[in-house]
Amino acid sequence: MASTETQAGGHAGGAAADERVISVENPATGEVIGTVPDLSAEAVAELAARARAAQPAWEALGFEGRARVMLRAQKWLIDNAERVIRTIVSETGKTWEDAQTAEISYGAAAFGFWARHAEDYLADEKVRTSNLIAKGRRLVVRYKPLGLIGVIGPWNYPLTNSFGDCIPALMAGNAVILKPSEVTPLTSLLLAEGMRECGLPEDVLQVATGGGDTGRAVVDEVDMIMFTGSTRTGRLVARQAAERLIPCSLELGGKDAMIVLADADLERAANTAVWAGFMNGGQTCVSTERIYVEAPVYDEFVAKVTEKARRLRQGVPTGFGTVDVGAVTFPPQADIIESHVRDALDKGARALVGGRRREGPGRFFEPTVLVDVDHSMAAMTEETFGPTLPIMKVADAEEAIRLANDSPYGLAASVFSRDVARAEAIARRLEAGAVNVNDALLNYAVLELPMGGWKASGLGSRHGAGGIRKYCAQQAILVSRLHPRRDVHHFPYDARRSRLISRLFRLLYGRGRRD
Ligand code: NAD
């Protein structure tokens, strides 16, 4: 099996025979498909030393040299797409389409995007100043790779959300230690192997497999930490980064709202809602997790969503087109999904579709449509991260906006209306880092747009210029090309000169506004 091969050929950093191991399970079948080392802090420190030794030569290769490796990796990913999909599917239980649409396509696009744009985003920026004292100086902002980046990832997208963040970090000239989720480490090992085949120098990218302790050890070793995962762990990582005074970028949980206005194209809104709610089994940070529909179209919208959700096929993914909704990847997640649905039903909600965990083997929760829901229910206020779509009737757009913003999270949201100007005006009032109008999830695939959460959904962002500059130290350089022996502000201070400067200030800044 591909995943077991991956483990055997993996590069998890020299685990000794007596070291602890972690078993990796296929969530759709319950079978154990491989084991990886659970690396100790000492082993992580060893990886870090090797990475630091390898980094200067990688940086010295320049953008063109690094881009060549990335473009070879892009081709490698497409050439090996089926092997990578099999590995992703085997450790996540997601469908082949989810692995292809949201992981292979992301990885392939990201290799090309960062190979082409890194140099522009990180080019020296010439700056002009209005400060008279600094006039004539050459002013430059430059970006220098920080050195060693730690990337810690979650289990829901082993390629996109774990490995994906390594690409800009590497293109900036850093070495990287990737700590994938202990639930889904095999994809990272396979991709690291692929990168080496494509000419990435030894030790520039290393995979540190293990659990939370290994993650903590990574934060202790690196110069910057890129973390994707739950808000709870994100706070711990931020605290540890603060102790070390290293920058951290956090992509955390969400409770994304969709607003459907009375003039929306209901067919498109329903198709999008069902896909954005159930793709990847609802285990996407930007999954649609709650829907607010204006009263006049509520019944029609619910009928459409219900009819489409009933037709979804769920089961063990064995190839393209075999199922629409896969398994629940993470064992405790099934309990959370079940508790949210039960809590909603206990408080008066109705499940029009699904509502139950399925019998094993494998771990599945039925695609579930809930109605008669409100904000007293966890299903509407806490991250469910499963195949559930609670739909709530609202009187008007104002109520929808108020409820959408009634959340500690602020990751993404969507608004559906034929009046796109009005929908955009509503988008601007939503407290979310990314808002789609007449779409959902799509913003994530647009690498030119920053993707980052507000409120408890994160700090910083990925993609766009900020998505690579964060892996660099910013240095401001001021060069005095003309350098007289003494400037007017130098010692010794002298009253006549100081009064002249006062007059100059009055002339420059003291005239006030003249209408
Ligand atoms: P998690 O927080 O449990 O684990 C994430 C990673 O952190 C894992 O690799 C884990 O081993 C590691 N870890 C655990 N404790 C740690 C510690 N103290 N220090 C350092 N690392 C530690 O999250 P999860 O359950 O794997 O992922 C699901 C969550 O991720 C959901 O909340 C989802 O919304 C979020 N997510 C967010 C985005 C985004 O872009 N905003 C993307 C994908 C997933």
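Remember, it's 1-based here, ligands and their atoms both numbered in the order they're listed. For the single chain, residues carry numbers from 1 onward in sequence order. As a basis for the values below, the full set of heavy atoms in this structure was taken, side chains included, without hydrogen atoms, waters or symmetry mates.
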- Task: Identify, by atom number and element, the atoms of ligand 1 in contact range of Glu251, meaning under 4.0 Å from any of its heavy atoms.
- Result: 37 (C), 38 (C), 39 (C), 40 (O), 41 (N)
- Note on the structure: the protein heavy atom lying closest to atom 15 (N) of ligand 1 turns out to be Thr233 CG2, 3.3 Å
- Query: Hey, what's the ring geometry for Tyr121 with Phe113, parallel, tilted or perpendicular (30° and 60° as the breaks)?
  - Reply: tilted
- Note on the structure: If we number the atoms of ligand 1 from 1 as shown, the ones under 4.0 Å from a heavy atom of Ser181 are 9 (O)
- Item | Any Arg232 heavy atom less than 4.0 Å to ligand 1 | no
- Query: Which atom pair, heavy atoms only, marks the closest approach of Val373 to Met380?
  - Reply: CG2-SD, 3.8 Å
- Query: Which atoms of ligand 1 sit under 4.0 Å from any heavy atom of Gly211?
  - Reply: 11 (O)
- Is Glu182 in polar range of ligand 1, meaning some N or O pair under 3.5 Å apart? yes
- Note on the structure: The protein heavy atom nearest to atom 23 (O) of ligand 1 is Ser230 N, 3.3 Å
- Message: So, applying side chain to side chain contact (heavy atoms under 4.5 Å, CB included) with Phe365, which one of Arg357, Gln333, Arg356 is it?
- Response: Arg357
- Note on the structure: Residue, atom and distance of the protein heavy atom nearest atom 12 (C) of ligand 1 read Ile152 CG2, 3.8 Å
- Note on the structure: Taken to the nearest 0.5 Å, the spacing of Arg235 CZ from Leu459 CG works out to 10.0 Å
- Query: Given Tyr471, which of Ile149, Asp223, Leu170 fulfils the side chain to side chain contact (heavy atoms under 4.5 Å, CB included) condition?
  - Reply: Ile149
- Query: Can you find a side-chain donor-acceptor pair between Thr384 and Lys255 that sits under 3.5 Å?
  - Reply: yes
- How far is atom 43 (C) of ligand 1 from its nearest protein heavy atom, and which residue and atom name does that atom have? Asn161 OD1, 3.0 Å
- Please assess Asp346 against Arg342 for the test salt bridge (Lys or Arg N to Asp or Glu O under 4.0 Å), listing each intermediate value before the final yes or no. CA-CA 6 Å; Asp346 286 349; Arg342 188 174 305 279; 5.9 Å; no
- Message: Please list the nearest protein heavy atom to atom 25 (O) of ligand 1 with its residue and the distance rounded to 0.1 Å.
- Response: Trp155 NE1, 2.8 Å
- Note on the structure: With heavy atoms and a 4.0 Å threshold, my read on which part of Leu411 contacts ligand 1 is side chain
- ligand 1-proximal atoms of Asn156, by part, heavy-atom distance under 4.0 Å: side chain
- Query: In the protein, which heavy atom is nearest to atom 7 (O) of ligand 1, and how far is it?
  - Reply: Phe227 CE1, 3.2 Å
- Part of Phe385 with heavy atoms under 4.0 Å of ligand 1, whether side chain, backbone, both or neither: side chain
- Looking only at side chains, do Asn161 and Tyr106 share a donor and an acceptor under 3.5 Å apart? no
- Query: Quick one: which ligand 1 atoms are inside 4.0 Å of a heavy atom on Val237?
  - Reply: 19 (N), 20 (C)
- Message: For atom 41 (N) of ligand 1, what's the nearest protein heavy-atom neighbour? Residue, atom name and distance, please.
- Response: Leu252 O, 2.8 Å
- What's the shortest heavy-atom distance between Glu221 and Ala45, and which atoms? OE2-CB, 3.4 Å
- Message: Which heavy atom of Thr214 sits nearest to which heavy atom of Gly210, and what is that distance?
- Response: OG1-CA, 3.4 Å
- Within a distance under 4.0 Å of any heavy atom of Pro180, pick out the atoms of ligand 1 and give their elements. 9 (O)
- Task: Kindly identify the option in Ser457, Ser461, Gly215 whose heavy atom sits closest to atom 20 (C) of ligand 1.
- Result: Gly215
- Run down the list Gly153, Pro154, Gly229 and name the one with the heavy atom closest to atom 8 (C) of ligand 1. Gly153
- Task: Return the orientation label for the His375 and Tyr292 ring planes: parallel under 30°, perpendicular over 60°, tilted otherwise.
- Result: tilted
- Task: Write out the residue and atom name of the closest protein heavy atom to atom 32 (O) of ligand 1, then the distance separating them to 0.1 Å.
- Result: Glu383 OE1, 2.6 Å
